[in-house]
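Computed from heavy atoms alone, side chains included, the values below leave out hydrogens, waters and symmetry copies. Predicted model, so just to flag it, every value in this text is computed and none were measured.
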2 protein chains.
Amino acid sequence: MMQIPTLPPAVVPRLTKYLALIQQLSSEGVQWVSSQDLADALGLTSSTVRQDLSHVDYSGISKRGYETTGLEKVLAGILGADREWKTVVIGAGNLGMALARHEEFLRHGFTMCGVFDSDEKKIGRKVGRLTVRGMRDLPAFVGSEMVQVGVLAVPASAAQSCADLLIASGIKGLLNLSLAHLIAPRTVAVMDSRMIASLIELTHAITLRQNPSSP
Amino acid sequence: MMQIPTLPPAVVPRLTKYLALIQQLSSEGVQWVSSQDLADALGLTSSTVRQDLSHVDYSGISKRGYETTGLEKVLAGILGADREWKTVVIGAGNLGMALARHEEFLRHGFTMCGVFDSDEKKIGRKVGRLTVRGMRDLPAFVGSEMVQVGVLAVPASAAQSCADLLIASGIKGLLNLSLAHLIAPRTVAVMDSRMIASLIELTHAITLRQNPSSP
DNA sequence: TAGATTGTTAATCGATTAACAATC
DNA sequence: TAGATTGTTAATCGATTAACAATC
């Protein structure tokens, strides 16, 4: 099996940016990309790009840069973006239903195989080709379908208890969309993508820019 | 007007976490919280919490900690979470429609006042109490309604051109939900909340945990 | 009072940038 | 060849942690 190098934490989010950009470039027929090209497109320095890519087992070529298709393959392998990931959504509210139907997930290898909600009234509703299931069915489903990823689209007040149930069911990773901070054992990976928190950071940045005291 | 101190970049995301937690605690009637309490709940060290809060014009009290209601007010002020922010969503797909109906936004001060799409077929559709408008109406709407925040729920391929239109219309900040990296002038704040990118970081973390080479 | 907790300084750690020899 | 670009080392910068006097 391929060796996955341990990467400095700050590098991983940038690798996902390189991958997204290179996928776009290679689909447009671009064959070579330099560290300066990547830096310009992503608002970084070429030095940072080269440092980051030095952690990756793929060499560029002087005077030409990196071959897009080769680098794309290596980055996808390191990040797990070359595999299928069975995914469930918890929460059949506006957001959860939208995510269950979101084609972008499938396009990036996340196979949506279940939507769960604790509200009895929502159980049985159709979401595309799926049907909303009750939370009581979650443990058996995760186990038998070997679901690896759970997306939490529930209110902050319910997030930790839903996470606990997913963890007890044997899930491997959680995407937390709620404002709550989740506690999980080290064996389970957790990533946050919290729109409300990002919006609040955004309003802070707007306020700073409107305030003449900042440089 | 209140003085907004310039904060180290790494501190701001944590302030949003402190605020979310303290809002919950104060709504539960908790009156005092120590740096150790906050650290335990959020997976930090008490030292980090005290360093962060030292940037904030609010003093704790030895032996008791910080008063929740007071700290909540100060953090909300610094982050802009004590104001109303007029917000539009660009993109009336699954995700955009769900966000336009999402009550969580309103509860955090983001007043949803418009949904826009370039697809003629979607114009006129109802989204809660709103109606989908065409992109051609965006500049006049942002100007006359004094919209400050734009949420981009469009495919990566359309993200930059939509951002350019919002910026030309005079928007103050953008929340980018697409996988694309956005280029914007320094006068416009941009924050990313990219679920697909977070999911890919998650699959990397899962892969690492399953690989015995890591510590 | 005794003890817990803050605020702050200094030390450590990690991330970014600059610089340049190697190389295609 | 001459020149552009990599890979890597060293320097700088910023963030985190440890430690402890001040204080309630």
Distance test, side-chain N/O of A/T48 to OP1/OP2 of C/dT16, below 4.0 Å: no
Nearest-angstrom distance from the residue atom CH2 of A/W32 to C1' of D/dT6: 12 Å
B/F105 and A/L199, any side-chain heavy atoms less than 4.5 Å apart: yes
Sugar-phosphate, base or nothing in reach of B/S47, heavy atoms under 4.0 Å: base
Complementary nucleotide for C/dT23 - Watson-Crick or wobble, under 3.5 Å: D/dA4
Test item: A/R14 side-chain N/O and A/L42 main-chain N/O as donor-acceptor pair under 3.5 Å: no
Between A/E84 and A/T111: side-chain donor-acceptor atoms closer than 3.5 Å: yes
Nearest-angstrom distance from the residue atom OH of A/Y58 to P of D/dG7: 10 Å
Donor-acceptor pair present, A/S62 side chain and C/dT23 base, under 3.5 Å: yes
Letter per nucleotide, 5' to 3', of nucleotides 10-15 of chain C [B base touched, S only sugar-phosphate touched, - untouched; heavy atoms, 4.0 Å]: B----S
Who pairs with C/dG14 - Watson-Crick or G-U, where each distance is under 3.5 Å: D/dC13
Touch class at under 4.0 angstrom, heavy-atom based, for A/S46 against every strand present: nothing
Donor-acceptor pair, side chain of B/D192 and main chain of B/R194, under 3.5 angstrom: no
Distance below 4.0 Å between A/Y66 side-chain N/O and D/dG7 OP1 or OP2: yes
Atom-to-atom span, CG of B/L71 to P of C/dG7 - whole angstrom: 10 Å
Separation of D/dT17 C1' from B/L53 CG (nearest whole Å): 16 Å
Residue pair B/D164 / B/S161, side-chain donor-acceptor N/O under 3.5 Å: no
Sugar-phosphate only, base, or nothing, as touched by A/S59 at under 4.0 Å among non-hydrogen atoms: sugar-phosphate
Atom-pair distance (CG on A/D40; P on D/dA4), nearest Å: 16 Å
Value in whole Å for how far the P atom of C/dT9 lies from NE2 of B/H55: 12 Å
Polar side chain donor-acceptor pair, A/E72 to A/S26, under 3.5 angstrom: yes
Distance, rounded to the nearest Å, where B/D37 contributes CG and C/dT5 contributes P: 8 Å
Value in whole Å for how far the C1' atom of D/dT9 lies from CZ of A/R50: 12 Å
Backbone of B/V30 reached by a side-chain donor or acceptor of B/T68 within 3.5 Å: yes
Sugar-phosphate, base or nothing in reach of B/S34, heavy atoms under 4.0 Å: sugar-phosphate
Any side-chain donor near an acceptor of the partner, B/R50 and B/S46, under 3.5 Å: yes
Out of C/dT17, D/dT17, D/dG3, whichever nucleotide has its closest atom nearest the side chain of A/K63: D/dG3
